Visitor: 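Let me begin by handing over the structure; questions about it come next.
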Amino acid sequence: MIGSIEETEGIPKRTNREWRTVSDPKEAGWLFSQDLLHRDRDSNTLFLSLDIRQDREEQDRALVQFYKRDSVRWSSPLQSTLRGDVAKGSGVDRHVMSTVIFRLMNGFHINSGKVAVTKVFEGEPDHLIPSVSDELLDNNMFAVAGRMIGHSFLHCGPRIPGLSPAIIHILFGGSLESAPVTIHDCSDLDVRDIVIELQRDAKVEECGLINQLCLSWDLPTPNATNRKWLSEKILLHAVIERTKHQINQFRQGLIETGLWPLLVHRRDVIPILFPRDSEAEITPQIVLDCIIWPSSITVFFESYKAEDEDESEVMDVHRVSGYLKTHIENASSTELKSLIKFWIGWEVPATEMKVEVVEATFPTAATCFEKLRLPRHYTTYKAFHQDLCASCPS
């Protein structure tokens, strides 16, 4: 077993135990969080500042440095500020917390390891596993991830979806033998090909590569009788054994936020903290942060007319863009998922989702290019809202 699921020494005992007995796990999580925040309401305030005038790399470094601090009581009062913006209040807290989780999901621009985007988790949706990067481990980035996720949960922020069930199983004390590892959990495609090759009945190809991998991981080389067993051992090693230190560090980050007693005693809260991609809540701010807004009307060649541009074009772009922003700000998580699916083909926001204002009758989308095309003719939000809802899948 990796780690322990016992209540950690130093985590205060709860005084309000209602969260233990309430039937709804969402309500249990909320009650626990409110109790923890109330208990620490007189602690020193945490000040989280994000300068929107800075570039993406500087912003990401500021967020990572905030969560890299040790010996922080993460249930202390939070005050977020957006430097370069006059916005204040709880809306800023929501915006910053959404930004934190969005960056964690999509990667930080901090040039770690000389790569453009540093991802703490890697792999395919619903099978994400911790990166095997030693540099991320040495820089305590998995503890940072645990603190971010726990802190967001305490303040009713978004969750991070899509972690592998096998990783969650180990994270909360499950045994290696019972870990539900699948081939989809293997983010290394070369290793995945080797596992698939060993599971086939046909003669093993590329024996040299397989033998080299087995020797490097202290495993026997394949023969006629051990192929199935070896494929399982390689898969387990790739997914769990190589990430066990990352999992332990990730667990420690979660523990430091004060959430651990809730997660130990209310296992039904774990799927809420770590939802599947299809079940993840999407907030308006997460969607708005992904949008590349238009600055002019998009004209297609077949409808091109040599006419002088006038102020009406700019007004149409601003008006229709404003309608879309209003629609997103007032949409539920389910409605946002429908919009995103119509827009890019699935329900998880892309890093950049483009909007075009065009000459057309109804809203359309070019999912391959992640473009939403909105007609310029709308003059009332009601008509815009009605047509956009009709275009999106239910």
Side-chain angles (χ1 to χ4, degrees), residues 52 56 85 87 91 94-95 98-99 101-103 105-106 125-126 158-159 161-162 275-394:
I52 62 175
R56 173 71 180 270
D85 195 302
R94 290 194 298 270
H95 171 84
S98 293
T99 300
I101 297 301
F102 177 78
R103 302 286 170 83
M105 290 168 55
N106 291 277
D126 285 336
R159 322 290 189 245
R276 307 291 285 170
D277 256 318
S278 57
E279 301 167 351
E281 294 181 357
I282 297 176
T283 66
Q285 193 61 54
I286 286 177
V287 178
L288 291 172
D289 285 344
C290 299
I291 295 177
I292 306 297
W293 296 97
S295 58
S296 62
I297 298 291
T298 300
V299 180
F300 300 107
F301 180 79
E302 60 268 24
S303 60
Y304 177 77
K305 294 182 180 179
E307 297 178 349
D308 294 334
E309 295 180 356
D310 54 32
E311 291 183 359
S312 66
E313 175 179 308
V314 176
M315 293 175 61
D316 289 348
V317 171
H318 287 175
R319 184 179 64 256
V320 174
S321 296
Y323 289 162
L324 177 61
K325 187 172 186 291
T326 300
H327 174 82
I328 291 171
E329 288 175 337
N330 292 280
S332 66
S333 180
T334 300
E335 290 168 336
L336 290 174
K337 288 181 182 180
S338 295
L339 172 63
I340 295 167
K341 188 173 183 179
F342 171 69
W343 193 331
I344 64 174
W346 69 322
E347 297 176 345
V348 180
T351 304
E352 293 185 351
M353 302 193 303
K354 303 174 184 66
V355 175
E356 294 180 344
V357 177
V358 299
E359 294 283 358
T361 304
F362 297 107
T364 59
T367 56
C368 293
F369 301 99
E370 298 173 341
K371 290 181 179 179
L372 178 65
R373 291 172 173 151
L374 302 173
R376 66 181 295 187
H377 64 73
Y378 294 109
T379 57
T380 66
Y381 175 73
K382 182 178 180 180
F384 172 88
H385 177 76
Q386 182 176 345
D387 285 353
L388 185 58
C389 289
S391 300
C392 296
S394 58

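Computed from a predicted model, the values in this text were never measured in an experiment.
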Visitor: Atom CE in M315, atom OG1 in T379: separation rounded to 0.5 Å?
Guide: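 Between atom CE of M315 and atom OG1 of T379 there are 11.0 Å.
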Visitor: The criterion is side chain to side chain donor-acceptor pair (under 3.5 Å); which residues satisfy it with K341, sequence neighbours excluded?
Guide: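 Partners of K341 under the side chain to side chain donor-acceptor pair (under 3.5 Å) test: none.
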Visitor: Taking atom CD1 of I291 and atom OG of S321, what is their separation to the nearest 0.5 Å?
Guide: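 Going from the CD1 atom of I291 to the OG atom of S321 covers 9.0 Å.
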Visitor: Could you list the residues that satisfy ring pair (Phe, Tyr, Trp, His ring centres under 6.0 Å) with Y378, not counting sequence neighbours?
Guide: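 Per chain and number, Y378 pairs via ring pair (Phe, Tyr, Trp, His ring centres under 6.0 Å) with F384.
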Visitor: Write down the atom of A360, the atom of P375, and the distance for their closest heavy-atom approach.
Guide: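 Closest heavy-atom pair between A360 and P375: O-CB, 3.3 Å.
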Visitor: Excluding sequence neighbours, so at least two apart, what forms side chain to side chain donor-acceptor pair (under 3.5 Å) with Q386?
Guide: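 Per chain and number, Q386 pairs via side chain to side chain donor-acceptor pair (under 3.5 Å) with no residue.
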Visitor: Can you name the residues that form a salt bridge (Lys or Arg N to Asp or Glu O under 4.0 Å) with K354, not counting sequence neighbours?
Guide: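 Result, salt bridge (Lys or Arg N to Asp or Glu O under 4.0 Å) vs K354: none returned.
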Visitor: Return the minimal non-hydrogen interatomic distance between D277 and D126, and the atom names on each side.
Guide: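 The answer is N-OD1, 2.7 Å.
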Visitor: Just do the side chain to side chain contact (heavy atoms under 4.5 Å, CB included) check on M353 and I344 with the steps written out, would you?
Guide: CA-CA 8 Å; M353 302 193 303; I344 64 174; 3.9 Å; yes
Visitor: Hey, does C290 have a side-chain heavy atom less than 4.5 Å from the side chain of F102?
Guide: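 They are in side-chain contact.
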Visitor: Roughly how far, to the nearest 0.5 Å, is the CZ atom of R319 from the NE2 atom of H377?
Guide: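 Rounded to the nearest 0.5 Å, the NE2-CZ separation comes out at 10.0 Å.
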Visitor: My understanding is that only residues two or more places apart in sequence, or in another chain, count here; which of them pass ring pair (Phe, Tyr, Trp, His ring centres under 6.0 Å) with H327?
Guide: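 Ring pair (Phe, Tyr, Trp, His ring centres under 6.0 Å) check on H327 returns H385.
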Visitor: Find the distance between CZ (F342) and OG1 (T364) and round it off to the nearest 0.5 Å.
Guide: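 Taking CZ in F342 and OG1 in T364, the distance rounds to 6.0 Å.
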Visitor: Rounded to the nearest 0.5 Å, how far apart are CG of D387 and CZ of F362?
Guide: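 These two atoms lie 5.5 Å from each other.
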Visitor: What do the steps show when you test L324 against L388 for side chain to side chain contact (heavy atoms under 4.5 Å, CB included), and what is the final call?
Guide: CA-CA 9 Å; L324 177 61; L388 185 58; 4.1 Å; yes
Visitor: Would you indicate whether the side-chain heavy atoms of L288 and W293 approach each other to under 4.5 Å?
Guide: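 W293 vs L288: side chains touch.
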Visitor: Just so I know, are the side chains of E335 and N330 near enough to count as touching, which here means a heavy-atom distance under 4.5 Å?
Guide: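 Counting from C-beta outward, E335 and N330 never come under 4.5 Å.
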Visitor: The criterion is side chain to side chain donor-acceptor pair (under 3.5 Å); which residues satisfy it with E370, sequence neighbours excluded?
Guide: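 Residues passing side chain to side chain donor-acceptor pair (under 3.5 Å) with E370: none at all.
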Visitor: So do the side chains of R376 and E313 get within less than 4.5 Å of each other, counting heavy atoms only?
Guide: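 R376 vs E313: side chains touch.
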Visitor: Measure across C392 and S338 and return the closest heavy-atom pair with its distance rounded to 0.1 Å.
Guide: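 The pair with the smallest heavy-atom distance is CB-O, 4.0 Å.
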Visitor: How far apart are the closest heavy atoms of A331 and L336, and which atoms are they?
Guide: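 Heavy atoms of A331 and L336 come nearest at CB-CD2, 3.7 Å.
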Visitor: So which atom in P349 and which in I282 form the shortest heavy-atom distance, rounded to 0.1 Å?
Guide: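 Nearest pair, atom of P349 first, then I282: CD-CD1, 4.0 Å.
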Visitor: So V317 and S295, do their side chains get closer than 4.5 Å, heavy atoms only?
Guide: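 The answer is no; the side chains never approach within 4.5 Å.
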Visitor: To the nearest 0.5 angstrom, please state how far the CD1 atom of I101 sits from the CG atom of N106.
Guide: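 CG of N106 is found 11.5 Å from CD1 of I101.
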